[in-house]
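Structure, as structure tokens:
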Amino acid sequence: MHTAKYLFFLLGPIGFLIFLLSLTPWHKEENLRAYKGIIDLRGIQSASSGPVDLSGEWEFFWSQEPGKILESFHGNMTVPGSWNRETELHPSYERLGYATYRLKILLPDVWVGKVLTLSVGTVWSSYRLYLDGEFLGESGTPSTSPKSSVARVQPRSFSFVPSSSQMEVSLFVTNNFARQGGISSPIKLGPSEVMLSTRTRTIFTEIFAFSSLVIMGLYHISLYLYLRSSKAPLYFGFMSMAISLRALVTNTRLLMEFFPSINQNGIQMIEQISMMCATGLYLLFFYETFSVYASKLYVQISLAIISLFIIMTLFGSLEFNSSKVAYFHLFIGITIGYVIYVIFGIDFDKESNSSYILYGSGILFLGVAIDLFYTYILKVSSHQVSHIALVLFVFLQSLVIASDRSSKYKEAKLLTEDLQTMNLELFEMKEKLVQKVEDRTRTLNDTLQQINRELEIAQNVQRKILTPPEREIKGIRFDYVYKPLEKVGGDFLDISEINPGQVRVLLADAVGHGVQASLMTMALKTEYEELKKLACPTHVLKELNGRFLRKFDTLESIFPCFVADIYLEKKEVLYASAGHPDQVLLSPGGNYELLHKTGPILGLFDDLEIEFSTYKFPLGSRLLLFSDGLIENRRKENRWSTVETIASRASTLSNVGLQKLLEELVVMEEKSRGDEQRYDDITIIAIESRETPEYPA
């Protein structure tokens, strides 16, 4: 703990208290104080003197009305003060009831015949004013019957012209809901122009406090809406707005002047709910500002309690809300104690600008404490010192913002200077970088051109190792489509007559695409040429698998492969499929059969079990082979290119040429893909058993 923190937090509010006490008269001259129902003002020499406070001992008649016999139950009562407050001089009466106050006033000669004004402040909860037995005015509707009594707590002024140097003021007061009854604020008398001037200053002070709170509230809310960095300004802004609303229904109660139709219940709800909302918003503001030190659980519980009080206020009666508010004041006291406890745990060195907030909080707490002291100890209307304290609190919070903005401006200025220096350095670096980029770009372009030339050479070489489509093989006719994803691809095909009347077809698909996959096709071509004339397709596949595992095991090369032998004299086709997708065999009549795989993919296991299958292949039959790129479509919602749809489409095109068939299948693949890009190489082979072509060109 820092000693400076204690001094800063404690001495400031104490100084504020001394300032308030300097404005409060602690004693009155005896000749200007009511005593046993009489006050002597004859010592006043100036006609413009005033206003005069009529506080002191008034005659008090419990449960009696003016005009009745007022000498029974006669006593004295201190004004201002509550009649249900028991003191050494006065007994305590019931909280709810009615009574008559009476005061004889000895006027100075300079006031006789002039227009005087009697200002009546807070009276709980309605009253009727008589001057020398004549009705002068009222606030609310006082009555001996609680049912016919209408409460209205509103400061009012009444003007009259005294005809003599002595007059008698009687005040019939009824309390039908408040926790304390009677006259709880001073009654003042003076010349009308003086009283008007005093009232104007009071109203101006209230309007100033209200306007200041509204302006600062809107400012803080706008600050949050623009920055959105912290919710503290938002909570503080709404707290200021809530207190500004409460300022309209306390002290002079300006809202009742502008809207006289609002009843006492509405005024009480506005006063209490605004106070409750302000308490909750202050807690949120405090927690948002000092979240490291404050307890989130305490804030949540407090907000729940405040919400419960607000709900009870909305649905409670005048009397219930008047009694209940004492418990909320107790809750405010507990909250102030908790906040003070948290404040003494805050490190001033780490929390920038926190001293302004803590200093303002101390002043605010002191103002609230003074108001509670007036209400519960003195049992008179408080002067709402908390409003003045809150204005100072808002001012100090504005200093926080000003200090924060000032520091931000200084930081921004330093950053601007640093940025200018960095810009110069960056400009120099940019010039050098541009030159380097140009040099690298030229180098990359040259390299890219070289790579493209080499890829074109590789493309030509790869196409050379494929069986040319113009090759003539007696007994069959074939055509194919080869569409690599890039300039070179990973598909490989070979169609050769290995023995008279025996045509062998191979289709393999190296995993992947591009240069790496094309190199695999070169290796596949080399190995297959040595194995091409083995007796059976299964032998070819097994031997290919073994060689790749021995020679290229580090490349992790795996590939599906399909090998078929067409025996022209037997009119049969024998095939073996190692992990290849189902292929299609079309009969001369247009029916089709699917050629399923007969073994696992090559390149994984050394000991493979691969079988073969034999089908009839009469004249007019077609063998349709394709790589998985034709059916690997990623559009799941509309997949046209499946083996079944390909086979079905090919069967309907049994009377067209092989080239036309291949074109239709390519169109199907493009439709199934839509706007999406292709992901793999595509190879499609169509082989037909026929001596001579009989199709239209």
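Below, each value reflects all heavy atoms present in this structure, side chains not excepted, and no hydrogens, waters or symmetry copies.
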Going by distance alone, is a donor N or O of one side chain under 3.5 Å from an acceptor N or O of the other, for [X] and [Y]?
X	Y	answer
K571	S689	no
T642	T645	yes
Q502	D565	yes

Are more than 12 heavy atoms from other residues, nucleotides or ligands located less than 6.0 Å from atom [atom1] of [X]?
X	atom1	result
E431	CD	yes
E438	CD	yes
K660	NZ	no
E417	CD	yes
K533	NZ	no
F612	CZ	no

Does K570 make a cation-pi contact with Y567 (under 6.0 Å, within 45 degrees of the axis)?
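Yes, K570 and Y567 form such a contact.
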Centroid-centroid under 6.0 Å between Y224 and F236 rings
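Aromatic pair excluded; centres sit 6.0 Å or further apart.
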Taking side-chain hydrogen bond (donor to acceptor under 3.5 Å, both in side chains) as the test, write out the residues that go with E288, two or more places apart.
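Testing E288 for side-chain hydrogen bond (donor to acceptor under 3.5 Å, both in side chains), a comparison that skips the adjacent residues, returns none.
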Plane angle bin for Y338 and Y341 - parallel if under 30°, tilted between 30 and 60°, otherwise perpendicular
tilted
Please state whether the rings of Y282 and F286 are parallel, tilted or perpendicular, taking 30° and 60° as the class boundaries.
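Ring orientation, 0 to 90° scale: parallel.
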Who pairs with F562 by ring-ring contact (aromatic ring centres under 6.0 Å, His included), at least two apart in sequence or on another chain?
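Here the qualifying residues are Y575.
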Reference residue V563; test side chain to side chain contact (heavy atoms under 4.5 Å, CB included); the match among L544, D494, V505, L541:
L541
Pairing of K436 and D439 as salt bridge, 4.0 angstrom limit:
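The answer is no: the pair does not qualify as a salt bridge.
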Of the non-hydrogen atoms in L507 and S627, which two are nearest, and what is the gap between them?
CD2-N, 3.9 Å
Between atom OG of S648 and atom OH of Y592, what is the distance when rounded to the nearest 0.5 Å?
5.5 Å
L568 side chain near F617 side chain, heavy-atom distance below 4.5 Å:
no
